[in-house]
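Since the structure comes first, as structure tokens, the remarks are kept for the end.
Heavy-atom basis, side chains included; hydrogens, waters and symmetry copies ignored. Order of the sequence lines fixes the chain letters, A, B, ..., with proteins taken first and strands second; residue numbering starts at 1 for each chain.
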Number of protein chains: 2
Amino acid sequence: MVRPVETFLKYLDSKHLKLTRERKAVLEEVFFHPGHLEAEELTHTLRSKKSRVSRATIYRTLELLVDSGIVRKIDLGHGHSHYEHILGHTHHDHLVCLKCGKVIEFTDKKIERLQTNICQKSRFQEISHTVQIFGYCKDCR
Amino acid sequence: MVRPVETFLKYLDSKHLKLTRERKAVLEEVFFHPGHLEAEELTHTLRSKKSRVSRATIYRTLELLVDSGIVRKIDLGHGHSHYEHILGHTHHDHLVCLKCGKVIEFTDKKIERLQTNICQKSRFQEISHTVQIFGYCKDCR
DNA sequence: GATATAATTGAGACTGAATCTCATTCTCAA
DNA sequence: TTGAGAATGAGATTCAGTCTCAATTATATC
């Protein structure tokens, strides 16, 4: 059982930061949103609900969530960032359809292992990686 | 022997476009620049040489170069695009140092093959892919 | 509960990359 | 040489994301 709020609280405490109404609203929205969301989308969703949170705070909170390992910032080739929650999810990468925009997740342990090998060869300390494959999904090809 | 100008000309012809002084200047600069360059950098380099080309034209030309397969647009996590010439180069991906910004290229046929498998499984038609590994290089770790 | 202090927020200004507009200039085929 | 379409450049515009700063809020302590 994963507890995003607890995880976030622990992170905030370690940095002497506070869990505010706004941060909690962002966290909940991100965590219960399936898939990949955009910051701008988030401002609208939250506004339509009871809790409006300013754009500045949304960006600031997303950064905290990324930092705390709850959320991952990804680039799907749209010229702006997307975010997905990763706490309790296994690592995956993406197939991105250039026509309909659909995003298919995949996991491949072998690729991960080969990447680790490559880093070792260059004495490179991996922090994160992204594998994006762009093309056309089975419905759009 | 690779002939970028010829390749570009062929592409332009096929689209009923013209090889102008400005387009040629951009192509040459990109092609003879080693590694990964930024659009803004390009405006400065070209200005300092004899041939000044407007920002608009530089962006427009880079798009044509990408389209014609001479150049690849890549995201090195800097919040803006980089470009590298790929004509006559074997495909590669990148290790990006988060501290010094160094970019190390690598090629791995096995990873490529595994990616092809993944696409087949989802009946996904691959057009391009990017693999970026972020971390610290041997001098910065 | 009151208070102090440091953290937090929001509005809106700002930045920087990239795109768009449109009047002017250029290219090239006829 | 000329005309039509293509191309260019200056500057306006867009858009994501960041910054500023005055006003507000959370939490620890009294």
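More than 12 non-hydrogen atoms from other residues, nucleotides or ligands lie less than 6.0 angstrom from CD of A:E41. Within 6.0 Å of atom CD in B:E40, more than 12 heavy atoms from other residues, nucleotides or ligands are found, so the atom counts as buried in its surroundings.
Take A:T57 and apply the side-chain contact (heavy atoms from CB on, under 4.5 Å) test, not counting sequence neighbours, and it matches A:E22, A:V53, A:S54, A:R60, A:T61. In this structure, the salt bridge (Lys or Arg N to Asp or Glu O under 4.0 Å) partners of A:K49, at least two apart in sequence or on a different chain, are A:E29. For B:K138, the side-chain contact (heavy atoms from CB on, under 4.5 Å) partners are A:R123, not counting sequence neighbours.
The distance from atom CD of A:E40 to atom P of D:dT18 is 12 Å, rounded to the nearest whole Å. A straight line from NE2 of A:H44 to C1' of D:dC15 spans 13 Å, rounded to a whole angstrom. With rounding to whole Å, B:L37 atom CG is found 15 Å from C:dA17 atom C1'. One can place CD of A:E22 at 18 Å from P of D:dA23, the figure rounded to the nearest angstrom. Rounded to whole angstrom, the span from the NZ atom of B:K24 across to the P atom of D:dT8 amounts to 14 Å. Rounding to whole angstrom units, CG of residue B:L42 and P of C:dA17 are separated by 14 Å. As a whole-Å value, the separation of A:L46 CG from C:dG10 P is 10 Å. Look at CZ on A:R47: it is 16 Å from P on C:dT9, rounded to the nearest Å.
Residue pairs that meet the salt bridge (Lys or Arg N to Asp or Glu O under 4.0 Å) test with at least one member in residues 81-106 of chain A, sequence neighbours left out, are A:R72-A:E84, A:K102-A:D139. Pairs passing the ring pair (Phe, Tyr, Trp, His ring centres under 6.0 Å) check and including a residue from residues 90-124 of chain A, sequence neighbours excluded, read A:H36-A:H94, A:H91-A:H129, A:H92-A:H94. Among residues at least two apart or in separate chains, ring pair (Phe, Tyr, Trp, His ring centres under 6.0 Å) pairs with a member in residues 41-81 of chain A are A:H78-A:H82, A:H80-A:H82.
Close to C:dA11, at under 4.0 Å from its OP1 or OP2, lies a side-chain N or O of A:R52. For A:R23 and C:dT8, the shortest distance from a side-chain N or O to OP1 or OP2 is below 4.0 Å.
Mapped onto DNA chain C by nearest heavy atom, A:V53 and B:R55 fall at different nucleotides, with A:V53 at the one closer to the 5' end.
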Reading nucleotides 23-30 of chain C from 5' to 3' and marking B where a protein heavy atom lies under 4.0 Å of the base, S where only the sugar-phosphate is that close, and - otherwise, the string is ----B---

Output a table of donor-acceptor pairs, distance under 3.5 Å, between side-chain atoms of residues 9-19 of chain B and any protein atom two or more places apart or on a different chain; print 'none' if there are none.
from: B:Y11; atom 1: OH; to: B:D67; atom 2: OD2; distance (Å): 3.0
from: B:S14; atom 1: OG; to: B:Y11; atom 2: O; distance (Å): 2.6

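Sorted by residue number, the members of residues 57-80 of chain A with any non-hydrogen atom under 4.0 Å from DNA chain D read A:Y59, A:R60, A:H80.
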